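Computation of the quantities below employed the complete heavy-atom set of this structure, encompassing side-chain atoms and omitting hydrogens, waters and symmetry-equivalent molecules. Just so it is clear, the model here is predicted, and its values are computed rather than measured. Numbering of ligands and ligand atoms starts at 1, following listing order.
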Amino acid sequence: MRKPLVAGNWKMNGSRDAAQDLIAGIRRGFEAGVSADVAICPPFVYLTQVGGLLDGSDIALGGQNVSQHESGAYTGEVAPAMLADVGCEYVILGHSERRSYYGEDDALVADKVVAAHAAGLKPILCVGETLDQREADRTEAVVASQLDALLNSAEGLAALKTGVIAYEPVWAIGTGKTASPQQAQDMHAFIRQRVAAKDAELGAKIRILYGGSVKGNNAAELFAMADIDGGLIGGASLQVDEFLTICQAAQ
Ligand code: 13P
């Protein structure tokens, strides 16, 4: 049985005050009981603050990106060991915003996933197609190549064994357009089969999250699908009530 995971990706939003209010609200809501795993991924500069605010809770901390390098002269970058050092358990990698705005390709994303794993972090590998790719019937081919960058190497496969996959169709991110539960389930099943073809045990065990306009009012129907093991939440993770409703839907 896979334990659901809900991860809040704050993206480039927030402030010290907003983080304080948001975490206080989420922790109050958790007193009513949430059985899913939950992680919060704030911007780098708030990791230490949010980590402190989460102390003594079961909520995990995660980063939104990391360097593929261990350390050294890489101005502006953050090393995997640094994320581990400030208490991160997870790191989101290959988000479509990193792929499209910062030119991260499948090979770079794979290097980051491997580097994160080497530092003891659990990578959350994001995959997903654009609207053009879906309309051109290339959804499976695109997602397959994003996965194969990891599945085709021993280190990549090893890194995925501690990791999580997030299917985020680009056309559903921040647009209010959610994939239908069946559209999402079809892709989750495809992803699971592709992993299972390399490693049957991993295919059965790996958590595959759905992301893209998940809200309090659509989370339960998505999470009810057989291969959807929780969500990667953007906008709704910045609102206490919405985020709590989503966490509660992932029981
Ligand atoms: P939204 O939930 O705002 O659509 O963002 C999804 C996402 O990109 C999470 O990583």
Side-chain angles (χ1 to χ4, degrees), residues 4-14 18-19 22 26 36-44 46-47 50 59-66 83 88-104 109 112-113 116 121-131 133-134 139 142-143 146-147 163-181 183-184 187-188 191 207-223 225 228-250:
L5 169 66
V6 175
N9 174 9
W10 288 6
K11 307 193 180 184
M12 197 174 74
N13 293 294
L22 205 46
I26 291 167
D37 284 342
V38 174
I40 304 279
C41 305
F44 287 140
Y46 300 126
L47 282 170
V50 171
I59 304 172
L61 186 67
Q64 299 176 12
N65 177 36
V66 84
L83 290 188
C88 288
E89 180 175 341
Y90 294 95
V91 59
I92 299 169
L93 294 168
H95 192 280
S96 65
E97 288 148 17
R98 302 288 326 165
R99 293 178 189 265
S100 67
Y101 304 146
Y102 303 98
E104 295 194 6
V109 173
K112 290 185 174 199
V113 169
L121 299 165
K122 296 175 182 162
I124 301 178
L125 168 69
C126 300
V127 298
E129 80 289 359
T130 64
L131 188 58
Q133 290 164 338
R134 177 165 278 262
T139 301
V142 168
V143 171
Q146 292 168 337
L147 291 171
V164 176
I165 295 172
Y167 170 62
E168 298 205 305
V170 180
W171 48 271
I173 295 178
T175 58
K177 276 191 215 160
T178 321
S180 70
Q183 275 175 324
M187 283 310 296
H188 281 234
I191 291 166
R207 293 184 289 190
I208 307 177
L209 314 184
Y210 171 78
S213 297
V214 179
K215 306 286 176 219
N217 63 8
N218 61 18
E221 57 179 8
L222 287 159
F223 299 165
M225 303 308 283
I228 301 185
D229 307 313
L232 182 54
I233 318 301
S237 73
L238 300 167
Q239 294 169 272
V240 172
D241 290 346
E242 281 286 306
F243 190 63
L244 286 171
T245 304
I246 294 168
C247 292
Q248 272 142 11

Inset, instruction - Examine the side chains of Gln64 and Trp10 and answer whether a donor and an acceptor come within less than 3.5 Å of each other. - result: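 Side-chain D/A pair, Gln64 to Trp10: absent.
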
Taking only heavy atoms of [X] into account, list the atoms of ligand 1 that are under 4.0 Å away from them.
{"X": "Gly174", "result": "1 (P), 3 (O), 4 (O)"}
{"X": "His95", "result": "7 (C), 8 (O), 9 (C), 10 (O)"}
{"X": "Gly235", "result": "1 (P), 2 (O), 3 (O)"}
{"X": "Gly212", "result": "4 (O), 6 (C)"}

Legend entry - Partners passing side-chain contact (heavy atoms from CB on, under 4.5 Å) against Ala7 (at least two apart in sequence or in another chain):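 Counting only residues at least two positions away or on another chain, Ala7 forms a side-chain contact (heavy atoms from CB on, under 4.5 Å) with Ala39, Ile124, Leu232.
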
Legend entry - All side-chain contact (heavy atoms from CB on, under 4.5 Å) counterparts of Lys215, not counting sequence neighbours: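 For Lys215 the side-chain contact (heavy atoms from CB on, under 4.5 Å) partners, ignoring immediate neighbours, are Asn217, Asn218, Ala236, Glu242.
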
Do ligand 1 and [X] have nitrogen or oxygen atoms that lie under 3.5 Å from each other?
{"X": "Ser213", "result": "yes"}
{"X": "Lys11", "result": "yes"}
{"X": "Gly234", "result": "yes"}
{"X": "Glu168", "result": "yes"}

Inset, instruction - For a side-chain contact (heavy atoms from CB on, under 4.5 Å) with Thr139, tell me which candidate from Gln183, Met187, Gln133 qualifies. - result: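 Option passing the side-chain contact (heavy atoms from CB on, under 4.5 Å) with Thr139: Met187.
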
Legend entry - Side-chain donor or acceptor of Tyr90 paired with backbone N/O of Ile92 under 3.5 Å: no

Legend entry - Donor-acceptor under 3.5 Å (Tyr167 side chain, Ile191 main chain):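 Flag not set: sc Tyr167 to bb Ile191 has no pair under 3.5 Å.
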
Inset, instruction - Measure Ala172 to ligand 1 on non-hydrogen atoms and call it side chain, backbone, both or neither using the 4.0 Å cut-off. - result: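 Under 4.0 Å from ligand 1, Ala172 contributes backbone atoms alone.
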
Legend entry - Residue part near ligand 1, for Asn9, under 4.0 Å between non-hydrogen atoms: side chain

Inset, instruction - Please test His95 against Glu168 for side chain to side chain donor-acceptor pair (under 3.5 Å), starting from the C-alpha separation and ending with a verdict. - result: CA-CA 8 Å; His95 192 280; Glu168 298 205 305; 3.1 Å; yes

